[in-house]
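Structure first, commentary second.
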8 protein chains.
Amino acid sequence: MKFTVYLAGEIHTSWREELIDKAQALDLPLEFVGPMTDHERSDNIGEAIMGTQPSSIAKDEAASQINNLRTELLMKKSDLVIALFGEKYKQWNTAMDASAAISLQKPLILIRPENLHHPLKELSNKANVTVETVNQALKVLTYVLD
Amino acid sequence: MKFTVYLAGEIHTSWREELIDKAQALDLPLEFVGPMTDHERSDNIGEAIMGTQPSSIAKDEAASQINNLRTELLMKKSDLVIALFGEKYKQWNTAMDASAAISLQKPLILIRPENLHHPLKELSNKANVTVETVNQALKVLTYVLD
Amino acid sequence: MKFTVYLAGEIHTSWREELIDKAQALDLPLEFVGPMTDHERSDNIGEAIMGTQPSSIAKDEAASQINNLRTELLMKKSDLVIALFGEKYKQWNTAMDASAAISLQKPLILIRPENLHHPLKELSNKANVTVETVNQALKVLTYVLD
Amino acid sequence: MKFTVYLAGEIHTSWREELIDKAQALDLPLEFVGPMTDHERSDNIGEAIMGTQPSSIAKDEAASQINNLRTELLMKKSDLVIALFGEKYKQWNTAMDASAAISLQKPLILIRPENLHHPLKELSNKANVTVETVNQALKVLTYVLD
Amino acid sequence: MKFTVYLAGEIHTSWREELIDKAQALDLPLEFVGPMTDHERSDNIGEAIMGTQPSSIAKDEAASQINNLRTELLMKKSDLVIALFGEKYKQWNTAMDASAAISLQKPLILIRPENLHHPLKELSNKANVTVETVNQALKVLTYVLD
Amino acid sequence: MKFTVYLAGEIHTSWREELIDKAQALDLPLEFVGPMTDHERSDNIGEAIMGTQPSSIAKDEAASQINNLRTELLMKKSDLVIALFGEKYKQWNTAMDASAAISLQKPLILIRPENLHHPLKELSNKANVTVETVNQALKVLTYVLD
Amino acid sequence: MKFTVYLAGEIHTSWREELIDKAQALDLPLEFVGPMTDHERSDNIGEAIMGTQPSSIAKDEAASQINNLRTELLMKKSDLVIALFGEKYKQWNTAMDASAAISLQKPLILIRPENLHHPLKELSNKANVTVETVNQALKVLTYVLD
Amino acid sequence: MKFTVYLAGEIHTSWREELIDKAQALDLPLEFVGPMTDHERSDNIGEAIMGTQPSSIAKDEAASQINNLRTELLMKKSDLVIALFGEKYKQWNTAMDASAAISLQKPLILIRPENLHHPLKELSNKANVTVETVNQALKVLTYVLD
């Protein structure tokens, strides 16, 4: 049996590559999907396809509908969602994706640095499992797939 | 016919009172519910009921489970959700509640200052309606209930 | 027991008033809701609330999100949907609302002039009941509530 | 991972072939399904199987039940729906299929010529993404599958 | 708290009146709904509303769509379904309604004479409770509402 | 793409073999499942596994729970249900399975001899397609898979 | 707004009366439902209605189907479930009801003595809130309804 | 067609190995999943991943969230659940998992020694099939897959 994992959240560090490499080294039966991690391409995808938009809000609207389509399509095909919060940015997309996972009844592992525990306490309570590092998430995966 | 509206989001300004007062002045057939808006009481409710906890994370966990119970109970009884993002704080709860509303197929009105349009673009795209002020949200309510 | 009926479709004739009047005369236990029937107000509601938009597409987008919120809110509260197709206009909204009713498992009565039977054959096949006049729809209501 | 795409809408131009050819040229991991595109066969399928019917309405009813079975069976197996509106015909089937996709929570890409933006504004607001050409839809697919 | 009960099944004896009278005598907090019990009116309702049909199959189709609308509307409003099988007729409607109740997760009480136990064994196994008389069904109601 | 078809209904003729043979001859991408067609084995399976039961009702209960498990397991894996009514027996299982298919939103083809149209009119109205012969059902399959 | 609370679990102490009395003293907008708490009547209800059964297993089966009907009917009408585990008995019904509440997405408050924390750890993790006393549950209710 | 079976319940005997071996000997098209059966590892998994916890309750909470993630992930991928109750321990997890299977509409086979029939009567009534031995469960599987 193979499982598909959606990797939501932060796109400015290489945590996805780290997790994927280690999962492969461990030979875990996992396939990974996730958002567009090229930030600039993600922000500009609306204008790249539909042409220049009349305002920055319209540019954002054009991009966000395509990014949301991507998330919706891929998360529905997933068996598990891992969402990682980093130190920077608003990260409302990550909160939105984590909450969508919960509502779609996809099991959710939350990764967040300990110092974010207070603002994330309600989301953490709703997640199946909260850990602090990619390695801990990997250990959870190893255990549930054993 | 009467409708119940859940008012998610910011708890440090009086936007709820403003909205409720104006809705009553307009005689709109609405009943309002929402989160605990006494921030300190919300943060301390776990220890208030279950006693002192061994760590700040345990204190947060005790509080968050009760706050989440409240949100879940009241949002399920609601016909519509209004979520307001302010300028301060992480507001991941607001993003989580807005996303939960979308997933529960509760119509969602998002209120956010224009300058937050970029970090909220995906959430805004998923909301039914995005406006910038409480007054605009009120006009939307007036129209749909006319 | 009281039932709520959503009246979807054509907004340029007075079929809603006719149906409501006759239902009241028959003392049927029904409450009626539906879309904004003031066509101009419906088309302009986005700009009326959010201000002038940069293009006719943006104006339409601003209006449509509010009209869709109205439909979604009111159709969810309904027990039954009646959709009437007239001779004029594209009426894609009517087809969209009728199809949404079917998908939400709300019983659907379709009213259409006989000469539209060919383009509406698939929608008619999915509706619970297809009739040709408001009076026939009224007789169906009378029978099911007897 | 492979995805199945249902191609709803217009059957009088070769947009499906164009899209499928280009998707194959790009080696996208997609399989395509859709309605019967032989218009005459679609209209006559009821009588072809069940024999001559007593009226044109009965002939339409016999055909539509089989066409609806096809749509329902194939759309349920799909991960994504693309619906294209052309300039001609009532196209209520296309609106019905697009709305069914939304209700089944299948991500929906709407393709429509710009001049149809007004009558399609509510449907466009509910679609995940609205574009104007097959090529733009293809670019969306390329991006979400990258 | 009040409960609505749908009384499915046989329409040629007065079991509904008996059950309703006794429930009222016991002051049970119940409201009852059900199918049209005037057999002739039920069979003819299609032609009564849509006019003479070209064949007996078309007459049946016209009637059945209205009877199904009635069942669907009323069963959705119900908290509990009671289905009674008698000795005569095919009673496939009763089996269909009982199965629909199970699928809609409406609790189901089946009433059937003991000698029908073999042909009804699978349906009986899926029902919540199977009894042999109206009085036994009434005792079940009395117990669960106590 | 491959489809799974559940063949519900009559078990005393060889209509399943006929349908399966012809489907294979036509190379249709179909896999078939269905109930236990050895009538005696189906009736006795409870006692065969759990030992002699104290009464014929208990024997029926023991068998029916296993037969229902089989139907539930296999119907959930199916994309389409075909239900055939014959001339003999009560066939309440067939009506129950057909109704379950409708409620599970599995497309349903009903096969029944013309002379059964009256007692089956409501079930026929809820089925996607009603035909009279196995060959007609096969033609429907050929068309929707073309 | 009024809420209905299902009180699952132990039936050999007066915790329900205590909770209900205190809730009324606090004027909380709550209505309470629950299982039959007369243990003997609950065990004998099958035979009381259907007559003496041939074995103790058959007697249990007759009773359990009626008790399950009661639970299913009342839990579906509830907004919140409170499940209390005591020190005695297997209490598998309580675990079943608590799990059913979670699956039905009814918010769940678990009350259990601290010394049962180990065998109840998985259920406690799935409950919204776990407390140790009726008074603590009451404080949770007071907070969420404030 | 292949089926996945989740084996819930007792982890202190080798019933899983026995069932799996016999199923393989019979060449049944089944794949088996289940909980962590190394009791100590299951109890300690939280601390093994997240480090020493401040109390035994916190240790249990840390472990249970990971065990629940495992159950949720694997049960969702399953077509059928078999739950075995033994003579020892509280086994509230088994009752919780069996009830979750019912609520997720996964067919459920319950295995329990005859002497547990009274405390398990309600759960048994909700299961699809109740048997007393692994061999009987195997015979049920053999029959439904024949």
Side-chain angles (χ1 to χ4, degrees), chain D residues 1-8 11 16 20 29-54 58-81 93 96-97 100-101 103-106, chain F residues 1-7 19 22-23 26 28-32 75-83 98 101-117 120-146:
Chain D
M1 198 179 302
K2 238 186 141 162
F3 298 86
T4 301
V5 181
Y6 187 91
L7 299 175
I11 60 172
R16 282 182 185 79
I20 294 171
L30 298 173
E31 182 173 13
F32 295 93
V33 292
M36 169 54 57
T37 54
D38 177 338
H39 196 161
E40 206 173 343
R41 193 170 165 214
S42 164
D43 276 0
N44 295 328
I45 186 62
E47 292 199 331
I49 293 178
M50 264 91 90
T52 307
Q53 301 295 310
K59 179 192 167 183
D60 277 354
E61 168 64 17
S64 65
Q65 63 177 333
I66 299 173
N67 286 319
N68 279 342
L69 173 68
R70 179 179 175 127
T71 306
E72 190 176 331
L73 180 72
L74 296 179
M75 202 185 276
K76 280 222 186 98
K77 299 286 268 191
S78 301
D79 302 300
L80 182 79
V81 175
N93 276 3
M96 180 179 89
D97 290 348
S103 304
L104 288 167
Q105 305 197 286
K106 306 282 180 189
Chain F
M1 200 180 301
K2 239 185 141 162
F3 298 85
T4 302
V5 181
Y6 187 91
L7 300 175
L19 180 59
K22 288 179 174 171
L26 289 164
L28 295 178
L30 298 173
E31 182 172 16
F32 295 94
M75 201 185 277
K76 281 222 186 98
K77 300 286 269 192
S78 301
D79 301 301
L80 182 79
V81 175
I82 299 179
I102 293 163
S103 303
L104 288 168
Q105 306 197 286
K106 306 282 181 189
L108 172 68
I109 299 174
L110 194 67
I111 309 178
R112 55 115 184 81
E114 195 193 340
N115 64 312
L116 288 180
H117 77 79
L120 280 171
K121 68 182 190 295
E122 272 81 20
L123 196 50
S124 170
N125 174 257
K126 285 186 126 180
N128 293 59
V129 173
T130 300
V131 295
E132 293 175 15
T133 67
V134 167
N135 274 340
Q136 289 175 328
L138 205 66
K139 283 182 188 164
V140 173
L141 291 177
T142 305
Y143 175 81
V144 301
L145 299 173
D146 188 8

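Throughout, protein chains are lettered first and strands after them, A, B, ... in sequence-line order, and every chain is numbered starting at 1.
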Which of these, I20(D), V81(D), V33(D), sits in a side chain to side chain contact (heavy atoms under 4.5 Å, CB included) with L7(D)? I20(D)
Judged by modelled atom types alone, do N128(F) and Q65(D) share a side-chain donor-acceptor pair under 3.5 Å? no
Tell me, out of L80(F), V144(F), I109(F), V131(F), who's got the most heavy-atom pairs with chain D below 4.5 Å. V144(F)
I need the residue from N68(D), I66(D), I45(D), N67(D) with the largest number of non-hydrogen atom pairs under 4.5 Å to chain F. I45(D)
Winner by heavy-atom pair count (cut-off under 4.5 Å) against chain F, out of K77(D), E31(D), M50(D), K76(D): K77(D)
Which atoms of T4(D) approach chain F - backbone, side chain, both or neither, heavy atom under 4.5 Å: side chain
Which region of L69(D), side chain (C-beta onward) or backbone (N, CA, C, O), has a non-hydrogen atom less than 4.5 Å from a non-hydrogen atom of chain F, or is it both or neither? both
Cation-pi check, R70(D) to Y143(F): give yes when NZ or CZ is under 6.0 Å from the six-membered ring centre and within 45° of the ring axis, no otherwise. yes
Between Q105(F) and chain D, with a heavy-atom cut-off of 4.5 Å, which part of the residue counts as in contact: side chain, backbone, both or neither? both
Which heavy-atom pair separates M75(F) from K106(F) by the least distance, and what is that distance? O-CE, 3.3 Å
Taking the side chain from S42(D) and the backbone from D38(D), do they hold a donor-acceptor pair closer than 3.5 Å? no
